[in-house]
2 protein chains.
Amino acid sequence: MCIIKSINYKFDPGSWLPAKMKKRISIHDIARELNLSATTISFVLNGKAEEKKISEDVRRKVSDYIKKVGYQPNMIAKSLRTGKTRVIGMLVEDLSDPFFSGISRGIETIAYDHKYKIFFASTENDTEKTKALIKVFRERQVDGYIMAPPCGVEDEISALMEDNVPVILFDRYLPSLNTNTVIIDNFSGSYQAVKHLQENGFSNIALITLNSEQTQMHARLQGYSKAIEESGFQPVVQKLPCKLSHQAGAEMVREFIKQHDKVDAIIFATNYLAISGLQAIRDLGLAIPGNIAVVGFDDNTHFNLFTPSITAVAQPTEEIAQEVVHQLLNALSNERESKKRRMVMLPVKLIVRDSSFPKVIKKIVHSQPSTMKTS
Amino acid sequence: MCIIKSINYKFDPGSWLPAKMKKRISIHDIARELNLSATTISFVLNGKAEEKKISEDVRRKVSDYIKKVGYQPNMIAKSLRTGKTRVIGMLVEDLSDPFFSGISRGIETIAYDHKYKIFFASTENDTEKTKALIKVFRERQVDGYIMAPPCGVEDEISALMEDNVPVILFDRYLPSLNTNTVIIDNFSGSYQAVKHLQENGFSNIALITLNSEQTQMHARLQGYSKAIEESGFQPVVQKLPCKLSHQAGAEMVREFIKQHDKVDAIIFATNYLAISGLQAIRDLGLAIPGNIAVVGFDDNTHFNLFTPSITAVAQPTEEIAQEVVHQLLNALSNERESKKRRMVMLPVKLIVRDSSFPKVIKKIVHSQPSTMKTS
DNA sequence: GATTCCTATCTAATCGTTTCAAACCAGGAA
DNA sequence: TTCCTGGTTTGAAACGATTAGATAGGAATC
């Protein structure tokens with residue numbers, strides 16, 4: 001445990017002089033300096049020069065000066081006065097989860113292009129933590145919310161909507177609430193996954209999912225059940241507790257596989273469940289898809305690099321991000337628009353790879369290692 | 001392309017009444033209601049009741065009332081008055097990169113525990129974009145900065161430091177600047193990687209890195225060079241352009257491998273280079289480590305699930321996050337402390353897995369599939 | 001010459017806090 | 001009665017912007 005640490009030293013010998021902290025320049029300083037009023041400066045600054053008929057002369061004088069001194073307006077003051085912060089509060093389940101960090105990244109880019117900043121926070125799917133975060137965001141007067149909400153925050157969200165604060169939900173929604181929402185076709189995702197496995201000769205298909213009431217998990221279960229039901233086989237569903245470490249998850253999947261030796265294919269309902277599951281299958285020394293086929297939910301940059309590569313239901317993260325921001329900006333910019341509620345459901349794509357076919361044809365090296373099949 | 005979209009409908013028939021927008025309750029409203037002054041309310045609210053000798057009676061009256069009406073202070077106004085926002089600006093290269101999103105997650109948690117919020121933004125390693133982001137953050141009066149800076153922003157950072165705004169750099173630093181910094185021992189990381197490969201029989205070891213002047217990349221190159229030099233072999237270094245798509249990266253690694261058929265091991269200097277590299281190796285149908293051994297930089301949740309599992313230099317992300325926040329909070333809370341500069345270098349760990357050994361001993365099933373060896 | 005209209009600019013209130021300095025109120029001392 | 005003192009409470013000025021409404025000065029209209 002070599003810690004090469006604390007290369008410690010003092011800096012800047014004379015810097016604690018009478019705390020000279022050169023005060024940041026304000027709009028009034030500029031006004032005084034140029035013998036104008038703050039109002040005029042403000043007009044020029046906010047592009048109202050035309051509208052307010054500020055003379056060309058003054059306009060130039062002001063813009064030259066602010067450039068010269070590098071004036072930076074104080075957004076805090078501006079926000080206090082206008083009531084708008086141009087900040088969006090974003091709540092995801094876990095910022096380090098690739099699905100959420102991918103979406104966050106997309107949203108960040110578009111939002112910054114529109115001069116909005118974002119507070120990101122992870123809810124960990126914890127109702128109380130989420131409530132606290134919403135409270136904090138309210139104190140900070142964020143203009144709008146984007147969230148993948150846990151259950152139990154209906155009241156807080158209603159309160160926001162009653163105060164005309166735009167809220168966009170994504171990934172899941174709250175059935176009792178009429179909100180703007182962007183989700184994907186989870187039902188179709190797992191339905192397709194089952195059908196695909198069946199077409200490739202697998203019949204004892206299990207679903208490993210979370211013990212969660214959230215809509216996206218529910219829809220995935222429904223899609224699975226419907227497809228299984230249509231085929232006349234028996235559904236085999238295992239629900240794992242929500243907050244599970246990677247190791248504990250792997251452990252539980254191992255147990256599940258041991259106790260269900262007839263299962264020849266597993267669909268994992270989230271990306272981290274798939275990772276735990278792959279770990280379990282590897283620990284047990286089973287072959288994919290020889291002993292057991294696998295389909296994941298949420299594609300992952302790495303799934304095509306696994307051996308075998310992993311079939312997955314891919315979510316259109318880029319589009320989700322776009323749609324979410326689009327809805328939010330709409331609601332923010334347009335009083336009338338903000339009264340409408342819309343739910344958008346985006347399609348998923350089943351990315352077929354080696355982990356899910358074929359069961360019967362053995363040892364055939366298929367020339368196309370990674371095919372794509374669209375829903 | 002089935003888009004089940006725009007389930008559009010109006011909501012809330014009577015909600016555009018005389019814009020009744022119930023005004024948020026302020027400290028003055030409370031004061032009026034309780035026949036007290038705003039000052040008193042403020043004292044109670046900020047825990048100064050003791051110090052200011054507010055009577056027990058008044059104290060209770062105030063706190064009961066604010067609880068009853070669910071008063072939420074306006075942080076914007078507070079910030080304007082105090083000059084403190086309790087917001088941290090965080091600039092990473094790419095929020096969707098697992099390394100950065102992992103660190104961000106860690107920092108988020110600790111910061112929120114200390115009642116700080118965070119603006120996250122991705123620099124994409126772009127100097128101009130970063131300058132713009134710093135400007136935006138300044139306008140928003142963030143209290144402190146955490147960044148993994150690109151080259152070329154020295155002036156902006158100096159300006160911040162001159163204004164006594166705390167700045168903590170991580171992952172890399174700017175040599176011309178005397179800043180608070182948290183980095184890892186990159187030199188040792190690649191040095192160990194080379195030594196490890198050599199001990200396992202590989203001699204023609206290449207480094208695939210980025211064409212970047214950043215300190216972390218430089219140190220990784222130095223560590224590699226030093227180790228190679230000590231062994232008397234020839235260094236083989238390939239520098240790829242910084243902004244490269246996964247596909248383009250794979251393409252370039254493929255070319256590299258084709259043109260260097262003597263190379264029997266490759267060290268990838270970042271996690272995404274490793275991913276591109278693995279793709280390339282797979283595309284070429286080469287065996288790991290039979291044809292070519294592989295070591296990555298930055299461990300990845302998935303590396304132990306690859307077949308073979310991938311050896312990597314692991315960064316202590318949790319500790320990095322802790323150290324960064326610790327330094328920042330120190331600087332924020334402590335005027336005197338904020339004048340000190342310290343650089344902390346944390347150790348790395350080489351996680352040895354199947355992708356890097358053994359070269360000579362063939363076909364031996366090693367009983368421990370995933371060993372860990374500590375630096 | 002008085003009235004109106006434009007143009008170009010300014011005064012002052014406001015947003016919701018914090019905080020300095022002053023005020024108020026008892027009770028005790030002079 | 002006046003003064004002092006210490007414990008409570010308050011008035012009002014910040015903080016740095018926006019913005020409705022005022023204003024001043026000239027040109028145009030009657």
Side-chain angles (χ1 to χ4, degrees), chain A residues 21-62 65-66 69-87 115 138-143, chain B residues 21-63 65-66 69-87 138-143:
Chain A
M21 201 64 153
K22 55 171 177 262
K23 197 172 78 60
R24 284 184 49 154
I25 182 170
S26 87
I27 206 170
H28 284 105
D29 300 328
I30 300 176
R32 198 175 326 112
E33 198 66 32
L34 297 181
N35 271 318
L36 287 166
S37 81
T39 308
T40 309
I41 315 292
S42 175
F43 287 158
V44 176
L45 246 39
N46 295 329
K48 298 209 181 137
E50 206 71 49
E51 174 192 345
K52 299 290 183 175
K53 327 239 178 201
I54 306 294
S55 69
E56 191 52 48
D57 189 30
V58 170
R59 260 180 249 194
R60 195 171 25 251
K61 200 157 62 164
V62 173
Y65 187 78
I66 64 170
V69 298
Y71 165 74
Q72 292 187 322
N74 182 329
M75 296 302 275
I76 301 292
K78 185 171 185 146
S79 294
L80 177 59
R81 180 61 231 254
T82 61
K84 297 285 161 226
T85 53
R86 287 196 94 81
V87 172
K115 308 224 179 288
R138 295 210 81 172
E139 288 179 352
R140 286 221 141 70
Q141 322 279 125
V142 308
D143 287 348
Chain B
M21 199 65 152
K22 54 173 179 261
K23 197 171 77 62
R24 284 184 49 153
I25 182 169
S26 88
I27 208 170
H28 282 106
D29 300 327
I30 301 177
R32 198 175 325 112
E33 198 66 30
L34 297 181
N35 272 319
L36 287 167
S37 81
T39 309
T40 308
I41 315 294
S42 174
F43 287 156
V44 176
L45 246 37
N46 295 328
K48 299 213 180 132
E50 205 71 48
E51 173 192 345
K52 299 290 182 176
K53 325 243 179 197
I54 305 294
S55 68
E56 192 51 49
D57 189 30
V58 170
R59 259 180 250 193
R60 196 171 24 251
K61 200 158 60 164
V62 172
S63 38
Y65 188 77
I66 64 169
V69 299
Y71 165 74
Q72 291 187 323
N74 182 328
M75 295 303 276
I76 300 292
K78 184 170 186 149
S79 294
L80 177 59
R81 180 61 229 250
T82 61
K84 298 286 162 226
T85 53
R86 287 195 95 83
V87 172
R138 296 210 78 173
E139 288 180 352
R140 286 224 142 71
Q141 323 279 123
V142 308
D143 288 347

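Every chain is numbered from 1 and lettered A, B, ... according to where its sequence line falls, protein lines coming before strand lines. Only this structure's heavy atoms are used, side chains among them; waters, hydrogens and symmetry mates stay out.
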Visitor: Expressed in angstrom and rounded to an integer, what is the separation of A:Q141 atom CD from C:dT17 atom P?
Guide: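 To the nearest whole Å, that distance equals 9 Å.
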
Visitor: For C:dT19 and B:K48 - does any side-chain N or O of the residue sit under 4.0 Å from the phosphate oxygens OP1/OP2?
Guide: yes

Visitor: If the condition is side-chain hydrogen bond (donor to acceptor under 3.5 Å, both in side chains), which residues does A:T85 pass it with, not counting sequence neighbours?
Guide: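 For A:T85 the side-chain hydrogen bond (donor to acceptor under 3.5 Å, both in side chains) partners, ignoring immediate neighbours, are A:D143.
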
Visitor: What are the residues of residues 27-40 of chain B, sorted by number, that bring a heavy atom to within less than 4.0 Å of DNA chain C?
Guide: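 Going residue by residue through residues 27-40 of chain B, the ones with a heavy atom under 4.0 Å of DNA chain C turn out to be B:I27, B:H28, B:T39.
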
Visitor: Please round to the nearest 0.5 Å and tell me the distance separating atom CG of A:L34 and atom OG1 of A:T40.
Guide: 10.0 Å

Visitor: Round to the nearest Å and state the distance from A:I76 atom CD1 to C:dG16 atom C1'.
Guide: 13 Å

Visitor: Show me the donor-acceptor pairs within less than 3.5 Å that the side chains of residues 69-76 of chain B make with the rest of the protein, sequence neighbours left out.
Guide:
unit_1	atom_1	unit_2	atom_2	d
B:N74	OD1	B:I76	N	2.8
B:N74	OD1	B:A77	N	3.1

Visitor: Have a look at A:S42 and say if it touches a base, only the backbone sugar-phosphate, or nothing, with a 4.0 Å heavy-atom cut-off.
Guide: base

Visitor: State which residues pass salt bridge (charged side-chain N to carboxylate O under 4.0 Å, His left out) with A:R81; sequence neighbours excluded, sorted by chain then number.
Guide: none

Visitor: Touch check for A:K84, heavy atoms < 4.0 angstrom, all strands: base, sugar-phosphate only, or nothing?
Guide: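 The residue A:K84 makes no contact with any strand.
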
Visitor: Hey, could you give me the NZ/NZ distance between A:K78 and A:K84, rounded to the nearest 0.5 Å?
Guide: 13.5 Å

Visitor: Once side-chain hydrogen bond (donor to acceptor under 3.5 Å, both in side chains) is applied, do any residues pair with B:R140, and if so which ones, sequence neighbours excluded?
Guide: none

Visitor: Ignoring hydrogens and angles, tell me if any N or O in the side chain of B:S42 forms a donor-acceptor pair with the backbone of B:A38 under 3.5 Å.
Guide: no

Visitor: Give, ordered by number, those residues of residues 50-59 of chain B having at least one heavy-atom distance below 4.0 Å to an atom of DNA chain D; if nothing qualifies, reply none.
Guide: B:K52, B:K53, B:I54, B:S55, B:V58

Visitor: Minimum heavy-atom separation for B:A31 and B:S37, please, with both atom names.
Guide: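 Scanning both residues, the minimum pair turns out to be CB-C, 3.7 Å.
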
Visitor: What is the distance from CD of A:E139 to P of C:dG16, rounded to the nearest Å?
Guide: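 In whole Å, C:dG16 P and A:E139 CD are 15 Å from each other.
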
Visitor: Roughly how far apart are B:L45 CG and B:I30 CD1, rounded to 0.5 Å?
Guide: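 Rounded to the nearest 0.5 Å, the CG-CD1 separation comes to 6.5 Å.
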
Visitor: With sequence neighbours left out, write down each residue that passes side-chain hydrogen bond (donor to acceptor under 3.5 Å, both in side chains) with B:T39, or none if nothing qualifies.
Guide: none

Visitor: What is the distance from CZ of A:F43 to C1' of C:dT11, rounded to the nearest Å?
Guide: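 From A:F43 CZ to C:dT11 C1': 12 Å.
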
Visitor: Which helical stems does DNA chain C take part in, if a stem means at least 3 consecutive Watson-Crick or G-U pairs with both distances below 3.5 Å?
Guide: C:1-30 with D:1-30

Visitor: Tabulate below the donor-acceptor pairs under 3.5 Å that side-chain atoms of residues 48-55 of chain A make, not counting sequence neighbours, or state none.
Guide:
unit_1	atom_1	unit_2	atom_2	d
A:E50	OE1	A:R59	NH1	3.3
A:S55	OG	A:V58	N	3.3

Visitor: Pairs in or reaching into residues 28-47 of chain A: which pass salt bridge (charged side-chain N to carboxylate O under 4.0 Å, His left out), with residues at least two apart or in two chains?
Guide: A:K23-A:D29, A:D29-A:R32

Visitor: Once side-chain hydrogen bond (donor to acceptor under 3.5 Å, both in side chains) is applied, do any residues pair with A:R86, and if so which ones, sequence neighbours excluded?
Guide: none

Visitor: Earliest and latest nucleotide of DNA chain D, 5' to 3', sitting under 4.0 Å from a non-hydrogen atom of chain A?
Guide: D:dG16 to D:dA20

